[in-house]
Every structure is written in structure tokens, then in C-alpha cells.
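The structure appears below as C-alpha cells.
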Amino acid sequence: MAKIKVLTDEIKFARAATEFIVAQAEDAILQRGYFSLVLAGGETPIKVYALLSSDAYRTRVDWSKVYLFWGDERCVPPDHKDSNYNAANLIMIRHLPIPESNIFRIQGELQPTEAAEAYETQLRQFFADKPWHFDLVLLGLGQDGHTASLFPYASALTTPSGTWVTAEYVEAVRGWRVTLTSDVFNQAETVMFLVAGSGKAERVHEVIEGEYDPERLPAQRIQPHSGNLIWLLDSDAANRLQNR
Ligand code: 6PG
């Protein structure tokens, strides 16, 4: 059952997300000695990433024990304005005492299918000696119901079971994307959607309360097998929810 938390403004939204991430990191590092975090792309998490690297929060986490991954990436170089890695690096990563070897970016500069294969190999190597799940996955929600780069009616939605990473040309964004599959996201200990703004309200309502239609609304595919599902919303994005 998803847990829904609504924050009244963007500052409280960003702070609540940051507090949750830090608490999850502290707990995972205490329990298992490391914390694996999958970052979301897009604009919504940027304020969260900025807070995470701020004086108020940065010192609360032992970043040498944090491993960063991405749920998806645009097929562009790592210094490109559209790169999810670049956005997180500029606002957060370069301000953190995190070893380069703890950062697992999707190599958007490679041929898309090569980038997907390379990332899947990296993930399999990382988890070879660990329980197979990410500790925390952050996801956004597109106005069309996509999440990560799992877009409506895309072939990424129907990859063979056991596929962890896939690449696809996405007509809606006129570009190639590499994305983790819903199988991977649903393995996670916790998945937290970060969604803000009135433009997402209708889709939030449909995804959470509407008819199950995972081809049209890929975000509905995110149902962690044994983990927690959390929707962190600002009041604008939650505005169409009937039950909260
Ligand atoms: C991406 C993201 C994508 C994003 C949503 C929401 O690479 O763009 O992975 O799934 O999270 O499109 O984006 P905004 O936060 O910018 O609205």
C-alpha cells in the first residue's frame, strides 16, 4: 500500500524529501555498512539535491559509504545541459566528499544499447556480493504518466523478464534514453516518488486512484515487491487526490 505525504509548499517538500533520504542513509549505513541510492532526473529533485549537499545535511551522512546510481539518463555526454548526471553533479555531487568510485553514472555518451549493456554489467558487478536491491529509489512523474524513462506504450515496458537496463528511442522527447526497468525498481527496499506542481495533479490522481492501465500510465508499474512505496507530493500535485 502506498504511503502518501503532502507538503504545503516547495520548501517543506524539499526538506521532507531530504530528511527522509538522510534518515534512510543513516539507517542503511548503520545496519549494513552502505547505502545505495538511485537518483531521479528532471527538475523536481534539484532542490532536494541542493539541500542534501548543504551544510545543514551534508555532514549527517558518511558519503564514503553512499553509492549513487541513476534511474535513467538521456543519451548525451555527461557535461551536456540535458544530462541527469550533469544536473546532479553541478548542484550536489561535486560538493560532497563522495569517492568517484561510488558514483555509477549511465554513460550517455556511448551508443544507447552499449550504454544500457555497460550499466547492466556494472549493476550486476556491484550487487554480486550484496543483497539484490537498491536501498532507496527516487522517481519523478511526467505529465504523461511516465517515470524514469518508462514512457507510455514504449517497448521498455515489455522487456524480457530479467532485463535490468534498456535503451529506447522515445518519440515524445525526440531522443534516445537509457532506463532501469520496472523489475529493478520493484526490487527496491523503498521507492519514493517526488512530484510537485499543479501540472501533475491529474496524472497523480490517475496513477494513484485511477484504473490500472500500466501501458498508458507506466508509473503504475512501480509496485515494490516487498519494499515501501511513498508518494511525496506538494499540495498542488496532490490537489486532485480524492483520498489523502
Ligand atoms: C528524466 C526523468 C523523468 C522525470 C519526469 C519528471 O530523465 O527526465 O527521469 O522521468 O523524473 O519527467 O520531470 P520533472 O521533475 O522535470 O517534472
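Every value quoted in this text rests on a predicted model; they were computed, and no experiment measured them.
- Taking the charged nitrogens against the carboxylate oxygens, R15 and E19 have no contact shorter than 4.0 Å, which rules out a salt bridge.
- Geometrically, R74 does not engage W176 in a cation-pi contact, judged by NZ or CZ lying under 6.0 Å from the ring centre and within 45° of the ring axis.
- At distances below 3.5 Å, not a single donor-acceptor pair connects side-chain atoms of T163 with backbone N or O atoms of T159.
- Within the 4.5 Å cutoff, no side-chain heavy atoms of V38 are placed close to those of L136.
- Summarising the geometry of A115 relative to V178, their closest heavy-atom pair is CB-CG2, 4.0 Å, with the distance given to 0.1 Å.
- Judged by distance alone, with hydrogens and angles left aside, the side-chain atoms of Q242 form a donor-acceptor pair with the main-chain N or O of R240 at under 3.5 Å.
- Between W70 and I103, the closest side-chain pair of non-hydrogen atoms falls below 4.5 Å.
- In this structure, K65 NZ and R32 CZ are separated by 14.0 Å, a value rounded to the nearest 0.5 Å.
- Linking ILVMFWY residues whenever their side-chain heavy atoms come closer than 4.5 Å, directly or via other members, leaves L68 and L90 in distinct clusters.
- Here the options are Y67, W132, Y34, the test is ring pair (Phe, Tyr, Trp, His ring centres under 6.0 Å), and the partner is F127; only W132 passes.
- The two residues A40 and P45 make their nearest non-hydrogen contact at O-CG, 3.7 Å.
- A 6.0 Å sphere centred on CD of E26 holds more than 12 heavy atoms belonging to other residues, nucleotides or ligands.
- In the hydrophobic clustering of ILVMFWY residues, with side-chain heavy atoms under 4.5 Å counting as a link, V204 and F151 come out apart.
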Where do N84 and N86 land on the side chain to side chain contact (heavy atoms under 4.5 Å, CB included) test, with the steps shown first?
CA-CA 5 Å; N84 287 332; N86 187 46; over 6 Å; no
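- Contact check for L180 versus Y119: side-chain heavy atoms found under the 4.5 Å cut-off.
- The structure places CG of N89 at 10.5 Å from OG of S53, a figure rounded to the nearest 0.5 Å.
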Might you work through the side chain to side chain donor-acceptor pair (under 3.5 Å) test for D236 and S198, ending with a clear yes or no?
CA-CA 4 Å; D236 287 340; S198 55; 5.2 Å; no
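- At least one side-chain heavy atom of P224 sits less than 4.5 Å from a side-chain heavy atom of L229.
- Side-chain atoms of L150 and S182, non-hydrogen and from C-beta on, do get closer than 4.5 Å to each other.
- Cation-pi check for K130 over F126 is met; the charged atom lies under 6.0 angstrom from the ring centroid and within 45 degrees of its normal.
- Annotation: the span from I29 atom CD1 to D135 atom CG amounts to 9.0 Å, rounded to 0.5 Å.
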For F35 and D62: C-alpha separation, side-chain torsions, deciding distance, then whether side chain to side chain contact (heavy atoms under 4.5 Å, CB included) applies.
CA-CA 10 Å; F35 177 57; D62 178 354; over 6 Å; no
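- Remark: the backbone N or O of G140 is not paired with any side-chain donor or acceptor of T44 at under 3.5 angstrom.
- Put simply, CG on L157 and CD on E215 are 5.5 Å apart, with the number rounded to the nearest 0.5 Å.
- Once rounded to the nearest 0.5 Å, the distance linking NE2 of H133 with CG of N186 reads 14.0 Å.
- In this structure, F185 and F134 have side chains that are not in contact, with every pair of non-hydrogen atoms separated by 4.5 Å or more.
- Across every non-hydrogen atom of P99 and S64, the tightest pair is CD-CA, 3.8 Å.
- Looking only at atom types and distance, the side chain of D72 has no donor-acceptor partner in the side chain of T179 under 3.5 Å away.
- Under the 3.5 Å distance criterion, the side-chain polar atoms of W63 are matched with a main-chain donor or acceptor of R58.
- Y49 pairs in a side-chain contact (heavy atoms from CB on, under 4.5 Å) with only one of the listed residues (T18, I93, I91, L96), which is I91.
- Distance alone, capped at 3.5 Å, places no donor-acceptor pair between the H80 side chain and the C75 backbone.
- Under the 4.5 Å side-chain heavy-atom criterion for grouping Ile, Leu, Val, Met, Phe, Trp and Tyr, V170 is not connected to V76 through any hydrophobic cluster.
- Among all heavy-atom pairs drawn from S161 and D183, the shortest one is CA-OD2, 4.0 Å.
- Under a 3.5 Å cut-off, the side chain of T147 and the backbone N or O of A219 do not form any donor-acceptor pair.
- Scored by the salt bridge (Lys or Arg N to Asp or Glu O under 4.0 Å) test, D213 finds R216 as partners (sequence neighbours excluded).
- Using a 4.5 Å cut-off on side-chain heavy atoms (C-beta onward), Q187 and H225 make contact.
- Of the charged side-chain nitrogens involved, none lies within less than 4.0 Å of a carboxylate oxygen, so that E168 and R177 do not count as a salt-bridged pair.
- Q220 and Q223 get closest at one heavy-atom pair: O-NE2, 3.2 Å.
- Without hydrogens or angle criteria, D234 side chain to G197 main chain gives a donor-acceptor distance under 3.5 Å.
- Between E73 and R105, no side-chain nitrogen of the basic residue sits less than 4.0 Å from a carboxylate oxygen of the acidic one, so the salt-bridge criterion is not met.
- Between K5 and F20, the closest side-chain pair of non-hydrogen atoms is not below 4.5 Å.
- Of all heavy-atom pairs between I46 and A87, the closest is CD1-CB, 4.0 Å.
- In this structure, CZ in F13 is found 5.0 Å from CG in L232, a value given to the nearest 0.5 Å.
- A donor-acceptor pair under 3.5 Å links the side-chain atoms of N102 to the main chain of V66, judged by distance alone.
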Before you tell me yes or no, could you show the steps for I4 and L233 under side chain to side chain contact (heavy atoms under 4.5 Å, CB included), namely the whole-Å CA-CA distance, both residues' side-chain angles and the distance that decides it to 0.1 Å?
CA-CA 8 Å; I4 299 169; L233 308 168; 3.8 Å; yes
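- In the hydrophobic clustering of ILVMFWY residues, with side-chain heavy atoms under 4.5 Å counting as a link, V22 and L194 come out together.
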Check the pair I21, L138 against side chain to side chain contact (heavy atoms under 4.5 Å, CB included), reporting the backbone distance first and the verdict last.
CA-CA 9 Å; I21 294 164; L138 303 179; 3.8 Å; yes
